[in-house]
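Taking it in order: structure first as structure tokens, then the write-up.
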Amino acid sequence: MMQDFSPGLAGVPATKSKVSFVDGQAGVLEYGGIRIADLAEHSSFLETTFLLLKNRLPTNTEFDQFSDDVAHHRRIKYRITDLIKCLPEHGHPMDALQAAVAALGMFYPAHDVLNPEVQYLSTVRLIAKVPTIVAAYHRLRRGDEQIQPRDDLSHSENFLYMLTEKAPDSFMAKVLDTCLILHAEHTMNASTFSGLVTASTLADPYSVVSSSIGTLKGPLHGGAAQEVVEMLESIGVREQVRPYLKKKLAAKEKIVGFGHRIYKVKDPRATILQQLAKRLFAQRGPSPLYELAEEVELVGEEFLGQKGIHVNVDFYSGVLYKTMGIDTDFFPAIFAIARVSGWLAHWVEQLEENHLFRPGQIYTGTHSQSYIPLAQRG
Ligand code: ACO
């Protein structure tokens, strides 16, 4: 007998996990039991990644070792660069990333997925090389040369350096690092779930991550930051915010950057990103795009707040990425640079007690139809 059907598997536990915890009513998000606000304030992306992978903070020695291992694996093979060069310059960066990650799996076979050494090495490789692939496509599609990574820089400093070849601005790198911490993990979201389904077949981690990248790309998930900035640019001026939102809602269309399957209060990550944006623009001068975003949140709250629909993590992140000089269609790829940590933490956890995912369905078709030969079907 089939259990109650829950569209989108809403509220149905797909696995047991220690990686992270969310309470959507209270607006609480924890990684390994530590509140996201504390990690955003005090941790770094690589330390947070270690926490996700091992369910505890590293010692000094462990942190140095892990950071060195990641820094050491940042370069990509010239044949991966050649592959990226062959991709169309107007293609979506998430497709380029997905293709390059799948190709990595051909260079670094990792079939023995239950072997802890294989797990560690492929985890380090993916966390290290995904930013290099993203930065390479950002430059190569414009006809610029790829910039080789530097192992003396932090994860975020190195990424900004690979985009511009300029000495990284430490405050901007800190802002990016905080964005990466906030996007690193979020319980059983769609991209993590799709990665877990792939992992449950004992597929290699490059296939797991490329499945997750394909899922993250969609506008209902990681594509939202890009669409928020596109929305703000199309609204253009403060006076147009109210008419724009009214028109959209009257047409029963969704406002991007608002709403979340889990959060019924403001996404705690959006609150942290907004504070970060305020600090950044107080220091660097006002941002018209940020001011417009605040106005959209204010008016959007008026229309949607009482329905429990508030801004989500992707509402303010795009404004920050734009300020860093990152192309708008690359925002989902920045999300992937962060979320690869969460995907891999769940991959390792899944393999501790693996069960092949094979859900049921409720059949809504017919039975006992007769086969009519093609010639008689008209
Ligand atoms: N704007 C206007 N109305 C909305 C919005 C929104 N952004 N989000 C939900 N609603 C309304 C729906 O129209 C629906 O109303 P109804 O009951 O009157 O028909 C109701 O709220 C429920 O909406 P669902 O889409 O069924 O709720 P769900 O929990 O599946 O929504 C989702 C979550 C998909 C994120 C949705 O809020 C959405 O599409 N938001 C816009 C896209 C977005 O910002 N995505 C990023 C999410 S964060 C992340 O993935 C990292």
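This chain uses plain numbering: 1 for the first residue, then up along the sequence. Atoms within each ligand, like the ligands themselves, are counted from 1 in listed order.
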Legend entry - SB check Asp82 Lys77 (cutoff 4.0 Å): no
Inset, instruction - Distance to 0.1 Å, residue and atom name: give those for the protein heavy atom nearest to atom 45 (N) of ligand 1. - result: Leu220 O, 3.3 Å
Legend entry - Donor-acceptor side-chain pairing of Ser20 and Glu185 below 3.5 angstrom: yes
Inset, instruction - State whether Phe107 and Arg79 meet the cation-pi test: NZ (Lys) or CZ (Arg) under 6.0 Å from the six-membered ring centroid, and within 45° of the perpendicular axis. - result: no
Legend entry - Sub-4.0 Å atoms of ligand 1 with respect to non-hydrogen atoms of Gly257: 43 (C), 44 (O)
Legend entry - Sub-4.0 Å atoms of ligand 1 with respect to non-hydrogen atoms of Phe335: 51 (C)
Inset, instruction - With atom 15 (O) of ligand 1 as the reference point, say which of Glu253, Lys307, Arg339, Lys264 has the nearest heavy atom. - result: Lys307
Inset, instruction - Kindly say whether the aromatic ring centers of Phe315 and Phe258 come within a distance under 6.0 Å. - result: yes
Legend entry - Distance from atom 49 (C) of ligand 1 to nearest protein heavy atom, with residue and atom: His221 O, 3.8 Å
Inset, instruction - Report the part of Asp267 (side chain from C-beta onward, or backbone N, CA, C, O) that has a heavy atom under 4.0 Å from ligand 1; answer both or neither where that applies. - result: neither
Inset, instruction - Just jot down the ligand 1 atoms closer than 4.0 angstrom to any heavy atom of Asp314, in number order. - result: 51 (C)
Inset, instruction - Salt-bridge test for Asp95 and Lys217: reply yes if a basic N is under 4.0 Å from a carboxylate O, no otherwise. - result: yes
Inset, instruction - May I ask you to identify the nearest protein heavy atom to atom 25 (O) of ligand 1, giving residue, atom name and distance to one decimal place in Å? - result: Lys254 NZ, 2.5 Å
Inset, instruction - For the pair Asp327 and Arg141, find out whether any cationic side-chain nitrogen is under 4.0 Å from an anionic carboxylate oxygen. - result: yes
Inset, instruction - Report the nearest protein non-hydrogen atom to atom 21 (O) of ligand 1: residue, atom name, distance rounded to 0.1 Å. - result: Ile309 CD1, 3.3 Å
Inset, instruction - Would you please indicate yes or no on a ring centroid separation below 6.0 angstrom for Tyr31 and Phe21? - result: no
Legend entry - Lys322 with Glu233: basic N within carboxylate O range, under 4.0 Å: yes
Inset, instruction - Only heavy atoms count here, so choose which of Ala270, Gly308, Pro219, Gly259 is nearest to atom 37 (O) of ligand 1. - result: Gly259
Legend entry - Closest approach of any protein heavy atom to atom 1 (N) of ligand 1, naming residue and atom: Ile255 N, 2.9 Å
Legend entry - Pair Asp169 + Arg284, salt bridge at N-O below 4.0 Å: yes
Legend entry - atom 27 (O) of ligand 1 protein-contacted (non-hydrogen atom, under 4.0 angstrom): no
Inset, instruction - Determine whether the aromatic ring centres of His186 and His221 lie less than 6.0 Å apart. - result: no
Inset, instruction - Using a strict cut-off of 4.0 Å, indicate which atoms of ligand 1 neighbour a heavy atom of Ala224. - result: 43 (C), 44 (O), 45 (N), 46 (C)
Legend entry - Within reach of ligand 1, part of Val313 (heavy-atom separation under 4.0 Å): side chain
Legend entry - Residues Glu301 and Lys266 bridged, charged N to O under 4.0 Å: no
Inset, instruction - For the pair Lys254 and Glu227, find out whether any cationic side-chain nitrogen is under 4.0 Å from an anionic carboxylate oxygen. - result: no
Inset, instruction - Would you please determine whether Phe315 falls within less than 4.0 Å of ligand 1 on a heavy-atom basis? - result: no
Inset, instruction - Indicate whether atom 32 (C) of ligand 1 is within a distance of less than 4.0 angstrom of some protein heavy atom. - result: no
Legend entry - Nearest option to atom 48 (S) of ligand 1, as decided by whichever heavy atom of His183, His186, His260 sits closest: His260
Legend entry - Nearest-contact summary for atom 40 (N) of ligand 1 - protein heavy atom, Å: Phe258 O, 2.9 Å
Inset, instruction - Could you tell me whether atom 9 (C) of ligand 1 has a protein heavy atom closer than 4.0 Å? - result: yes
Legend entry - atom 30 (O) of ligand 1 [closest protein heavy-atom partner, distance rounded to 0.1 Å]: Arg261 NH2, 3.1 Å
